[in-house]
2 protein chains.
Amino acid sequence: MDRLLQSVKININENIYVKDPESSDLGKRIIEESILMINDMGFESFTFKKLGAKIGSNESSIYRYFENKHKLLLYLASWYWGWLEYQLVFATNSISNPKEKLEKTIEIVTKATEEDSSFSHINEVLLNKIVINEYSKSYLTKEIDAENKEGYFIIYKRLVTRISDMIKAIDPDYPYASSLASTILEGSLHQYFLRDHFPSLTDCHAKNAPTAYFLNLVFSILIPKTK
Amino acid sequence: MDRLLQSVKININENIYVKDPESSDLGKRIIEESILMINDMGFESFTFKKLGAKIGSNESSIYRYFENKHKLLLYLASWYWGWLEYQLVFATNSISNPKEKLEKTIEIVTKATEEDSSFSHINEVLLNKIVINEYSKSYLTKEIDAENKEGYFIIYKRLVTRISDMIKAIDPDYPYASSLASTILEGSLHQYFLRDHFPSLTDCHAKNAPTAYFLNLVFSILIPKTK
DNA sequence: CATATAATGATAGTAATACTATTATATTTG
DNA sequence: CAAATATAATAGTATTACTATCATTATATG
């Protein structure tokens, strides 16, 4: 990744945290270790008490950063989507050809995650796994409408909207640009999950196969004329 | 729905329950009321204690039917997918034209659920809502591989395979039949969720719009020649 | 450099959850 | 009617998800 990112901070809705974890060493350790732990033991088994023990800190100290583990998950997910959005904008900004631009976008949002050394306390590869396995749980709740109103999902929504806009730029008459955009993002996570746990339900077995699947899918729909 | 269903029992893996809830009045009340409660309060807030209070029974009695609420969710989901599979097979069995057959299938698995009077203690409309909002939680767990091995997801997998086979029947050269089939099933649930909570991320606002979206998607991919 | 302020840590406590175990009481069936 | 089975009632446990209070340790500022 470009060194430009080293001076970039992913901007996350301030209401998600009590105290910005980027603002202190303890905060960064909370983020760093929670990624490892949630990936290891799953979100259900993960607790602030266990996290405290692991980072040699106290449960009560962690509560000064996040109200609860749900909010921590929202933070991690927002960070991930913000990071992905940055990569997307950075890589596609200079592309003027709409088809090429969408191609590059699909590639970026569906490819296997690679480590980014710009954020030393965040393991992007594991964070991607967390998003695959846990992201749905952050919005499949009874509080969804209230939390959406609070803006806890803006980054994700902005990402979908960006992709939707690119689809419209290619085919203004296609009536399902938003649905297709959300299908790409959500569907990509799902294909990776299937690959690992229900291999018979997917054809995405090779590295970056989801990219090939979605490229084929999207451009079969949008540009059947050029076939 | 056809009266044939009245003599049909949805067959669910016996390891999901301790005692078959279909085998007693209390069992049926557990299923009936748990659907209402999970729909009302969400799976997280739902407990066997609350369910017991609601049906005028005891927490410990419910544990004689299901080990825990996770297993109950697996049961409800299996029942839903089994019910949907039955409808699908019933409605498409006599269709010999592969394209028509897949069309009918997409229609059935993506359309809004309607009440089926054949199973008086099960509210299919609410059960569909539960599947939309909670199904992912049943497999996004650390126990997924063990539970998959136990066969807790066979009905769902069989459904995806059926759709995948129909796709292959239309285009044997399309290399992503399984991925496309899983995208239809999972994507349909997701579009309904978006419609209710993130309307800007979907174009599926009208009744049964997901059906139109997926019909267009699938047949743009599979039969671009006939366009 | 002293001291105020903020950050962190330690300890305790609570209500609820997700159970298990035991015993009592109905209900069914042979 | 007796035996077996199903259900209900009660109690108990470890863990979770916090809240509250107070002590200690950094750090910042005057």
Side-chain angles (χ1 to χ4, degrees), chain A residues 14-34 37-38 40-76 121 134 137-138 140-143 146-147, chain B residues 14-34 37-38 40-76 121 134 137-138 140-143 146-147:
Chain A
E14 294 189 2
N15 296 317
I16 288 185
Y17 48 76
V18 182
K19 179 181 172 175
D20 186 358
E22 288 293 322
S23 71
S24 76
D25 184 63
L26 177 62
K28 283 180 194 152
R29 267 156 56 223
I30 289 173
I31 299 304
E32 178 172 20
E33 200 59 43
S34 68
M37 285 184 80
I38 293 173
D40 271 357
M41 65 206 300
F43 188 66
E44 294 32 74
S45 300
F46 170 81
T47 70
F48 280 0
K49 195 169 190 178
K50 291 174 186 170
L51 175 60
K54 195 75 170 281
I55 63 179
S57 176
N58 200 276
E59 197 187 2
S60 59
S61 302
I62 298 164
Y63 276 102
R64 287 205 194 83
Y65 285 84
F66 294 100
E67 269 177 65
N68 49 50
K69 68 174 180 172
H70 169 69
K71 287 283 185 82
L72 171 58
L73 180 59
L74 288 175
Y75 180 91
L76 294 177
H121 61 300
E134 323 286 0
K137 299 171 193 168
S138 78
L140 294 176
T141 69
K142 279 286 163 184
E143 294 75 38
E147 295 192 345
Chain B
E14 294 189 2
N15 297 316
I16 288 184
Y17 48 76
V18 182
K19 179 180 173 174
D20 186 357
E22 288 292 322
S23 70
S24 75
D25 184 64
L26 176 62
K28 285 181 194 150
R29 266 155 58 222
I30 288 173
I31 298 305
E32 178 172 20
E33 199 61 42
S34 68
M37 286 184 80
I38 293 173
D40 270 359
M41 65 206 300
F43 187 65
E44 283 53 55
S45 301
F46 170 81
T47 71
F48 281 0
K49 195 169 190 176
K50 291 174 187 170
L51 175 60
K54 195 75 170 281
I55 62 179
S57 174
N58 199 276
E59 197 187 1
S60 59
S61 302
I62 298 164
Y63 276 102
R64 284 201 198 82
Y65 285 84
F66 293 100
E67 269 177 65
N68 48 50
K69 68 175 179 172
H70 170 68
K71 287 284 185 82
L72 170 58
L73 180 60
L74 288 176
Y75 180 91
L76 294 177
H121 61 299
E134 323 286 0
K137 299 171 192 168
S138 77
L140 294 176
T141 69
K142 279 286 163 185
E143 295 75 37
E147 295 192 345

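Residue numbers begin at 1 in each chain, while the letters A, B, ... track the order of the sequences.
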Review item, nucleotides 12-21 of chain C N/O atoms under 3.5 Å of protein N/O:
unit_1 : atom_1 : unit_2  : atom_2 : d
C:dC19 : O5'    : B:Tyr63 : OH     : 3.1
C:dC19 : N4     : B:Glu59 : OE1    : 3.4

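Less than 6.0 angstrom separates the ring centroid of B:Phe48 from the ring centroid of B:Tyr63. Taking the ring centroids of A:Tyr17 and A:Tyr65, they lie at or beyond the 6.0 Å cut-off.
In the displayed structure, A:Lys49 atom NZ is contacted under 6.0 Å by at most 12 heavy atoms of other residues, nucleotides or ligands.
At a threshold of 4.0 Å, the pair B:Glu44-A:Lys142 does not count as salt-bridged, since none of the basic side-chain nitrogens sits closer than that to a carboxylate oxygen.
At a non-hydrogen distance threshold of 4.0 Å, A:Lys19, A:Ser24, A:Leu26 from residues 18-27 of chain A come into contact with DNA chain C.
By the salt bridge (charged side-chain N to carboxylate O under 4.0 Å, His left out) test, A:Asp20 is found to be paired with A:Lys9, residues two or more places apart in sequence or in another chain being considered. Applying the side-chain hydrogen bond (donor to acceptor under 3.5 Å, both in side chains) rule to A:Arg29 yields the partners A:Asp25; only residues at least two apart in sequence or on another chain are considered. Every side-chain contact (heavy atoms from CB on, under 4.5 Å) that B:Lys28 has, sequence neighbours left out, goes to B:Glu22, B:His121.
For DNA chain D, the contact window with chain A, defined by any atom under 4.0 Å from a protein heavy atom, covers D:dT16 to D:dA20 in 5' to 3' order.
Within 4.0 Å (heavy atoms only), A:Tyr65 reaches sugar-phosphate atoms of the nucleic acid but no base atom.
Counting only distance, with no hydrogens or angles, the side chain of B:Ser45 and the backbone of B:Gly42 share no donor-acceptor pair below 3.5 Å.
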